[in-house]
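Read through the structure below, which is laid out as structure tokens, and then see the notes.
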2 protein chains.
Amino acid sequence: MENDAPAARTPPAPPPGDSRPPGTSRTESGPESSPESQPDHPRAAAKPSKSEQTRSLILETALRLFQDRGYDKTTMRAIATEAGVSVGNAYYYFESKEHLIQGFYDRVTNDHIEAAQARLRGRTDFASRLQVTLEAWLDAAEPYHGFSVQFFRNAADPDSPLSPFSAESYPARQTVVDLYRDVLAGSAMKLDAEMAEILPELLWLHQMGIVLFWVYDRSPDSARTRDFVRRTTPMVARITSLSRYKLIRPLVRDAEKLVRDFIVPDGIGTHERPPLR
Amino acid sequence: MENDAPAARTPPAPPPGDSRPPGTSRTESGPESSPESQPDHPRAAAKPSKSEQTRSLILETALRLFQDRGYDKTTMRAIATEAGVSVGNAYYYFESKEHLIQGFYDRVTNDHIEAAQARLRGRTDFASRLQVTLEAWLDAAEPYHGFSVQFFRNAADPDSPLSPFSAESYPARQTVVDLYRDVLAGSAMKLDAEMAEILPELLWLHQMGIVLFWVYDRSPDSARTRDFVRRTTPMVARITSLSRYKLIRPLVRDAEKLVRDFIVPDGIGTHERPPLR
DNA sequence: GGGGCGGCTTGAACACGTTCAAAATCACCC
DNA sequence: GGGTGATTTTGAACGTGTTCAAGCCGCCCC
């Protein structure tokens with residue numbers, strides 16, 4: 001939407017450098033997440049610059065209102081007013097209303113990883129590790145089930161920067177893939193080296209599938225999804241374990257190639273799709 | 001969205017009866033498609049009432065503009081102007097801009113069914129029947145690949161009437177399920193009677209999966225999706241054939257129950273399965 | 001102090017989807 | 001023809017997401 005043909009009225013160009021104000025890594029500035037872009041002060045616990053304060057104030061307010069009134073009924077004006085800033089200011093920190101949802105996603109991801117790691121400690125059975133990891137996600141996401149649909153509407157658009165396959169989503173995605181790498185590594189399961197490299201990504205995809213299921217699930221407390229996880233995890237584990245055998249590996253490779261093809265590389269921008277025909 | 005809390009400003013009630021103006025069956029009134037829903041006047045070839053003319057004029061215009069400029073860049077004002085009517089008039093016939101997309105979907109569905117039936121004639125091998133059916137869909141949909149994303153954004157919202165699982169989508173969905181019933185019935189494959197009842201729905205779901213893949217597929221002429229279909233169809237056929245065996249059937253039943261749970265029942269008449277053709 | 005300079009903030013203005021009360025047109029009967 | 005009620009059509013107005021030119025503020029250097 002932003003790199004479409006200009007709206008014919010936009011004169012010069014974007015004011016802030018190119019995209020994001022400072023201190024704006026996609027994965028929320030959790031206590032000790034991966035010191036990604038700028039490993040400036042790995043120690044300095046909190047240096048909430050004025051800018052960062054404003055940013056998170058807006059985000060907090062938005063998420064609160066989203067939960068209270070739902071996404072659609074929360075206007076940007078309301079968010080701004082409630083946060084005590086101007087609309088324009090909200091847009092200075094977030095490219096669009098939808099980008100605020102990314103905040104929710106980042107938060108869930110962080111909570112998930114933390115909770116999962118706690119539950120994984122001491123467990124070595126792979127199926128069990130996989131199951132607790134997925135359940136940890138469900139627990140982390142449950143409070144936001146109400147407007148998760150909004151998030152998924154964007155996920156369905158491969159062009160949206162909010163799509164889990166997008167380049168912009170790369171850091172967040174990688175964090176989760178790493179989690180699954182750990183789920184595998186910490187298990188007693190024997191694995192081929194190449195498969196150990198490939199499987200985490202596929203397990204991430206599997207989680208995406210579960211999430212899709214969950215979005216559609218209306219049962220109280222997402223009981224149906226939980227049931228689904230409980231029942232299918234052993235199957236997935238079995239398949240994973242089969243990847244040891246030469247016979248199966250090519251299949252796994254194919255699957256991985258497939259995923260990789262859909263992930264838009266962290267390179268030049270979006271394949272501008274011409275207006276068709 | 002329409003049955004949320006009222007907008008507090010809408011005084012009495014909707015002006016047109018309850019929902020749709022006359023002559024507005026969901027499956028498009030193609031020139032000589034299958035005289036489906038109402039075989040009232042099997043003869044009267046065309047009685048395009050003024051109302052119906054206006055409606056289809058608007059739809060045609062919209063679809064044309066969508067193809068020319070893309071969905072986002074086509075404004076309701078542009079559609080109305082181009083069609084020579086007022087914006088309000090467009091809204092008289094279509095609840096929203098997104099509902100216009102339903103027109104595209106209906107059209108593709110009709111084209112698909114027609115093409116599939118032609119290609120099915122003479123074929124008895126199930127795998128082959130399945131494959132040509134899916135390929136027929138790809139061919140029918142290709143011209144609209146450009147804005148298929150738009151359609152799928154809504155599909156991702158279980159609440160949207162545009163979701164393939166919605167009650168409003170019931171007729172269109174049923175038409176396709178019937179097609180798959182035929183794909184099965186016309187094949188040489190032996191089937192358990194109960195499975196024959198259940199499988200068409202699952203094959204429909206399978207098609208939805210392919211569609212999802214296709215939406216994301218950027219390869220020229222959707223080559224990757226075609227490849228995918230070619231490679232996975234035999235597998236699906238094998239699984240289908242396995243449903244003959246007692247051991248597998250419960251699994252199929254489970255899968256079907258799952259689908260059924262997500263499909264929102266058609267308002268009043270719970271799940272009546274209408275006479276199949 | 002003054003003069004930049006760059007990050008931050010503002011709010012009016014814009015474009016677009018959508019609504020609605022009123023007007024126009026049609027259908028039908030006396 | 002004329003009346004009457006339904007159907008269709010109109011376009012101004014509204015609310016919302018988004019943009020942008022202009023202003024503000026803190027900081028550094030002379």
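Just so we're clear, the structure is a prediction, and the values are computed from it rather than from any experiment. These numbers come from the heavy atoms of this one structure, side chains and all, not from hydrogens, waters or symmetry mates.
- A donor atom on one side chain and an acceptor atom on the other are not found under 3.5 Å apart for A:T109 and A:H112.
- As a whole-Å value, the separation of A:E98 CD from D:dT16 C1' is 13 Å.
- For the pair A:M76 CE and C:dC14 C1', the computed distance is 16 Å after rounding to whole Å.
- At least one side-chain nitrogen or oxygen of B:N89 sits closer than 4.0 Å to the OP1 or OP2 atom of D:dT10.
- When ring centroids are compared, A:Y144 and A:W214 stay outside the 6.0 Å threshold.
- The phosphate of C:dC8 has OP1 or OP2 within less than 4.0 Å of a side-chain N or O from A:S51.
- When rounded to the nearest whole Å, the span between CD of B:E52 and P of D:dT8 equals 11 Å.
- Whole-Å rounding puts the A:K73 NZ to D:dT16 P distance at 12 Å.
- Contact annotation: A:Y91 side-chain N/O to D:dT19 OP1/OP2 distance is not under 4.0 Å.
- A cation-pi arrangement is absent between B:K97 and B:F66, since the terminal nitrogen or guanidinium carbon is not both under 6.0 Å from the aromatic centre and inside a 45° cone about the axis.
- Of the side-chain N and O atoms in A:K50, one or more sit less than 4.0 angstrom from OP1 or OP2 of C:dT9.
- Phosphate proximity of C:dT19 to B:Y92: absent, as no side-chain N or O sits under 4.0 Å from OP1 or OP2.
- Close to D:dT9, at under 4.0 Å from its OP1 or OP2, lies a side-chain N or O of B:T54.
- Below the 3.5 angstrom threshold, one finds a donor paired with an acceptor across the side chain of A:R77 and the base of D:dG17.
- Nearest to the side chain of B:V87, among D:dA12, C:dT9, C:dC16, sits D:dA12.
- B:Y93 places its OH atom 9 Å from the C1' atom of D:dT9, with the value rounded to the nearest Å.
- For B:S169 (side chain) and B:S163 (main-chain N/O), a donor-acceptor pair under 3.5 Å exists by modelled atom type.
- Taking atom NZ of B:K97 as the reference point, atom C1' of C:dC16 lies 8 Å away to the nearest angstrom.
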- [ ] Output, in order, the C-alpha distance, side-chain angles, deciding distance and verdict of side chain to side chain donor-acceptor pair (under 3.5 Å) for B:Y93 and B:S51.
- [x] CA-CA 9 Å; B:Y93 287 101; B:S51 172; 3.3 Å; yes

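- A:L57 has its CG atom 10 Å from the P atom of C:dT9, to the nearest Å.
- One atom, CD1 of B:I79, and another, P of C:dT18, lie 10 Å apart when rounded to the nearest Å.
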